[in-house]
Each structure stands twice: as C-alpha cells, then as structure tokens.
Amino acid sequence: MRITVIEHEAEAGLGYLAGWFGPVCDVVRPYRGEEVPERAADGLVVLGGEAAAWEDERCPWLPATRELLRRSVLDGTPTLGICLGAQLMTMACGGVVERGGDGLEVGLCEVSALPEAASDRLLSGIGTAVAVQYHQDVMARLPEGAVPLMTGAPYPNQAYRLGESAWAVQFHPEATPGIFASWAASSTLERAEELVGAVRAAEDKLVSTWRPVAEAFASVVRGG
C-alpha cells in the first residue's frame with residue numbers, strides 16, 4: 001500500500017498522519033520543485049497550506065493538484081483532502097470555494113456529525129467532537145453528488161464524501177499541538193497563547209477521535 005501525499009509547505013506536513021498511516025507515504029513537495037504526478041498511487045492525501053485554492057500564480061502547482069484530485073475521484077482512488085486540499089477537491093469537482101464571510105476560524109473548534117455520517121466508513125461513530133481549525137476560505141457550495149457528513153459554526157460544510165472513496169475535511173485531523181503552535185507563532189493571531197494552550201490540553205481527545213478516522217482511511221486504501 002502506497003499513499004501519494006501532496007504537501008504544499010514545510011510547516012503543514014503529515015503530522016499525526018505519518019504515524020497513523022505507517023511508513024507508506026510518498027510525499028511530493030511541489031514548493032521544492034517536485035512534480036505533481038498525473039496519477040496517485042493506491043491512495044491520495046492532499047494537505048493544507050496558507051494559499052487560497054484559486055491562487056495559481058502564488059502556487060503554480062495548484063492546477064496540476066486539482067487535476068490529480070479530479071482524476072482520483074473519477075477513478076475511485078481513495079482520496080482525502082484536508083483544509084486547502086478539501087477546497088482544491090471541491091473546486092476540481094465543480095463546487096465553489098470563496099472567502100468566508102465570518103472571517104478566520106482558528107483553534108480548537110467543535111464539529112458535529114450529520115445523519116449521513118452514521119454509515120460512513122471514516123466518520124461513523126464520531127458524533128460531536130473537537131478539531132483543530134485554521135482557515136478563512138470555505139467550501140461555499142459542494143460538488144454535485146457530494147454527501148455532507150459534518151457541520152459546524154460559523155461554517156457549515158466541514159466534511160463531505162464524494163462517490164464511495166473520496167473525502168474532504170475542512171479541519172486539520174493531522175495537526176499536532178506543535179504544528180498548530182508553529183502556525184500561531186508565525187501569525188499575528190490575537191490570543192495565540194490561549195489558542196495553543198487549548199489545543200495542547202485537548203491532545204488526548206484529538207488523538208482518540210481522529211486516529212481511528214486515519215486508520216479507517218488506510219483500510220480503504222488497502223481495499224478493506
């Protein structure tokens with residue numbers, strides 16, 4: 001089992017997922033000049049980053065990443081888009097991404113499962129949980145055929161499935177407290193210390209919630 005991973009910046013890596021997936025990830029770093037492949041391996045994960053999903057001039061590899069996501073969804077390749085990755089998947093498959101009218105969603109935030117999540121292979125059994133957030137762009141309209149799985153406030157589209165084996169999550173299941181602290185340190189966030197402290201205090205809860213989701217995705221990649 002091999003999972004192709006698109007990493008948009010060094011500060012937004014696999015985090016927890018590196019251990020939860022095991023040593024099965026082929027990380028592509030286009031910001032270092034590495035080429036985005038035309039097709040993924042057995043699975044595809046597209047991570048987050050500071051850029052907006054439409055900022056092709058800032059990140060010239062975004063069109064190739066959107067095409068990789070579109071092809072993976074069509075081919076039925078198990079796919080997971082995280083934050084920017086979720087927004088790129090949304091755009092690639094005909095949805096709309098735009099700047100969120102309620103501003104930045106950041107820190108430890110609550111997300112809630114929708115009824116459709118009860119039978120989902122990744123998100124069943126979660127109910128209401130906390131997740132790390134750091135985004136100001138939102139998935140304003142989901143692609144046709146998308147099944148909404150999780151919601152939250154102020155932005156309702158927090159997770160969805162497209163087809164049988166492609167998922168998009170607006171939040172960051174991969175973000176360790178250390179990763180979030182590095183994001184906060186490089187920003188002008190108000191209450192940064194308080195936000196980092198809340199994420200650190202919730203680490204056990206974050207791991208117990210999102211590790212099974214990552215392991216379920218790995219199982220889908222293996223054909224389970």
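Keep in mind the model is a prediction, meaning the values are calculated, not measured.
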Participant: Can you tell if the side chain of Leu14 reaches within under 4.5 Å of the side chain of Glu174, non-hydrogen atoms only?
Facilitator: no

Participant: What is the distance from atom CG of Leu162 to atom OG1 of Thr90, rounded to the nearest 0.5 Å?
Facilitator: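 With rounding to 0.5 Å, CG (Leu162) is 8.5 Å from OG1 (Thr90).
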
Participant: What is the distance from atom CG of Leu122 to atom CZ of Arg161, rounded to the nearest 0.5 Å?
Facilitator: 9.5 Å

Participant: Between Ser219 and Glu215, is there a donor-acceptor pair closer than 3.5 Å when you use the side chain of the first and the backbone of the second?
Facilitator: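 Flag not set: sc Ser219 to bb Glu215 has no pair under 3.5 Å.
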
Participant: With a 6.0 Å cut-off on ring centres, are His172 and Trp210 close enough?
Facilitator: no

Participant: What heavy-atom pair brings Ser72 and Thr79 nearest, and what distance separates the two atoms?
Facilitator: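 Closest approach of Ser72 to Thr79: CB-OG1, 3.4 Å.
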
Participant: Between Tyr16 and Glu203, do the side chains contain a donor N or O and an acceptor N or O under 3.5 Å apart?
Facilitator: yes

Participant: For a side chain to side chain contact (heavy atoms under 4.5 Å, CB included) check, start with the C-alpha distance between Met89 and Met139, then their side-chain angles and the critical distance, and finish with the verdict.
Facilitator: CA-CA 10 Å; Met89 178 173 144; Met139 301 180 291; over 6 Å; no

Participant: Compare all side-chain heavy atoms of Val5 with those of Val28 and state whether any distance is below 4.5 angstrom.
Facilitator: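 The answer is no, as the side chains (C-beta and beyond) never meet within the 4.5 Å cut-off.
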
Participant: If we ignore hydrogens and angles and just use 3.5 Å, is the side chain of Arg222 paired with the main-chain N or O of Met1 as donor and acceptor?
Facilitator: no

Participant: With side chains defined as the heavy atoms from C-beta onward, is the minimum distance between Leu80 and Val46 less than 4.5 Å?
Facilitator: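 The answer is no; the side chains never approach within 4.5 Å.
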
Participant: Are Leu68 and Met91 connected in a single hydrophobic cluster, I mean Ile/Leu/Val/Met/Phe/Trp/Tyr linked by side-chain heavy atoms less than 4.5 Å apart?
Facilitator: no

Participant: Can you name the ring-ring contact (aromatic ring centres under 6.0 Å, His included) partners of Phe180, sequence neighbours left out?
Facilitator: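 Counting only residues at least two positions away or on another chain, Phe180 forms no ring-ring contact (aromatic ring centres under 6.0 Å, His included).
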
Participant: Would you say Val213 ends up clustered with Val24 if hydrophobic residues are merged whenever their side chains have heavy atoms under 4.5 Å apart, either directly or through other cluster members?
Facilitator: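 Linked within one cluster.
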
Participant: For residues Thr128 and Ser112, is any side-chain donor paired with an opposing acceptor at under 3.5 Å?
Facilitator: yes

Participant: Closest approach of Pro177 and Val199, non-hydrogen atoms and distance?
Facilitator: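 Taking every non-hydrogen atom into account, CA-CG1, 3.9 Å.
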
Participant: From Ile126 CD1 over to Leu114 CG, what is the distance, rounded to the nearest 0.5 angstrom?
Facilitator: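 Result: 11.5 Å between the selected atoms.
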
Participant: For the residue pair Asn157 and Leu142, establish whether any side-chain heavy-atom pair is separated by less than 4.5 Å.
Facilitator: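 Result yes, sub-4.5 Å side-chain heavy-atom pair found.
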
Participant: Within a strict 4.5 Å, meaning less than it, do heavy atoms of the Thr77 and Ser165 side chains meet?
Facilitator: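 Contact flag for Thr77/Ser165 side chains = no.
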
Participant: What are the two closest heavy atoms between Ala53 and Gln87, and how far apart are they?
Facilitator: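 Nearest pair, atom of Ala53 first, then Gln87: CB-CB, 3.9 Å.
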
Participant: Answer yes if the side chains of Glu105 and Gln170 hold a donor-acceptor pair under 3.5 Å, and no otherwise.
Facilitator: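 There is no such pair between these side chains.
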
Participant: What closest approach, in Å, do Val73 and Ala166 show between heavy atoms, and which atom pair accounts for it?
Facilitator: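 Distance-wise, the nearest heavy atoms are CG2-CB, 3.8 Å.
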
Participant: With a 4.5 Å heavy-atom cut-off, do His135 and Val106 have their side chains touching?
Facilitator: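 A side-chain contact is absent here, since even the closest heavy-atom pair is not under 4.5 Å.
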
Participant: With a 4.5 Å heavy-atom cut-off, do Asp42 and Ile3 have their side chains touching?
Facilitator: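 Heavy-atom side-chain distance check fails, nothing below 4.5 Å.
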
Participant: State plainly whether the residues Arg70 and Asp75 are in salt-bridge range, i.e. N to O under 4.0 Å.
Facilitator: no

Participant: Side chain to side chain contact (heavy atoms under 4.5 Å, CB included) between Ile6 and Val45: does it pass, once the steps are laid out?
Facilitator: CA-CA 6 Å; Ile6 307 299; Val45 173; over 6 Å; no

Participant: Is it true that a side-chain atom of Arg121 and a backbone atom of Leu123 form a donor plus acceptor pair closer than 3.5 Å?
Facilitator: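 Answer holds: no.
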
Participant: Same cluster or not: Leu69 versus Val147, using hydrophobic residues (I, L, V, M, F, W, Y) connected whenever any side-chain heavy atoms lie under 4.5 Å apart?
Facilitator: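 Cluster IDs for Leu69 and Val147 differ.
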
Participant: Assigning hydrophobic clusters by single linkage (Ile, Leu, Val, Met, Phe, Trp, Tyr; side-chain heavy-atom cutoff under 4.5 Å), is Val97 placed with Leu149?
Facilitator: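 No; tracing contacts between hydrophobic side chains, which count when under 4.5 Å, never links both residues.
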
Participant: Going from OG1 on Thr176 to CZ on Arg200, what distance comes out if it is rounded to the nearest 0.5 angstrom?
Facilitator: 8.5 Å

Participant: Between the side chain of Thr209 and the main-chain N/O of Leu206, is any donor-acceptor distance below 3.5 Å?
Facilitator: no

Participant: Should Val130 and Val207 be counted in the same cluster of Ile, Leu, Val, Met, Phe, Trp and Tyr side chains packed under 4.5 Å apart?
Facilitator: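 Yes.
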
Participant: Can you name the one residue among Glu9, Glu7, Glu34 that meets salt bridge (Lys or Arg N to Asp or Glu O under 4.0 Å) with Arg29?
Facilitator: Glu7

Participant: Can you measure from CD (Gln133) to OH (Tyr155) and round to the nearest 0.5 angstrom?
Facilitator: 10.5 Å

Participant: Quick one: which of Leu84, Asp56, Leu88, Leu44 gives a side-chain contact (heavy atoms from CB on, under 4.5 Å) with Thr65?
Facilitator: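 Testing Thr65 for a side-chain contact (heavy atoms from CB on, under 4.5 Å) against Leu84, Asp56, Leu88, Leu44 leaves exactly one candidate, Leu88.
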
Participant: Count the heavy atoms of every other residue, nucleotide or ligand shown that sit under 6.0 Å from CG of Asp102, and state whether that count exceeds 12.
Facilitator: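 Count over threshold, so yes.
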
Participant: Once the angle between the rings of Phe217 and Trp167 is folded into 0 to 90°, is it parallel (under 30°), tilted (30 to 60°) or perpendicular (over 60°)?
Facilitator: perpendicular

Participant: Go through the steps to decide whether Met150 and Val169 satisfy the test side chain to side chain contact (heavy atoms under 4.5 Å, CB included), and finish with yes or no.
Facilitator: CA-CA 8 Å; Met150 301 200 78; Val169 296; over 6 Å; no

Participant: Could you check whether atom CD of Glu193 has more than 12 heavy atoms from other residues, nucleotides or ligands sitting under 6.0 Å from it?
Facilitator: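 No - once you tally the heavy atoms of other residues, nucleotides and ligands closer than 6.0 Å, there are 12 at most.
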
Participant: Restricting to non-hydrogen atoms, name the atom on Pro143 and the atom on Cys93 that form the minimum distance, rounded to 0.1 Å.
Facilitator: CB-O, 3.3 Å

Participant: Could you grab the distance from atom CD of Gln158 to atom CZ of Phe171, nearest 0.5 Å is fine?
Facilitator: 7.0 Å

Participant: For a quick test of reading the model, state the closest non-hydrogen atom pair linking Ser187 to Tyr134 and the distance between them.
Facilitator: CB-OH, 3.2 Å

Participant: Got Ile82 and Leu17 here, is their nearest side-chain heavy-atom distance under 4.5 Å?
Facilitator: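 In short, these two side chains touch, coming nearer than 4.5 Å.
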
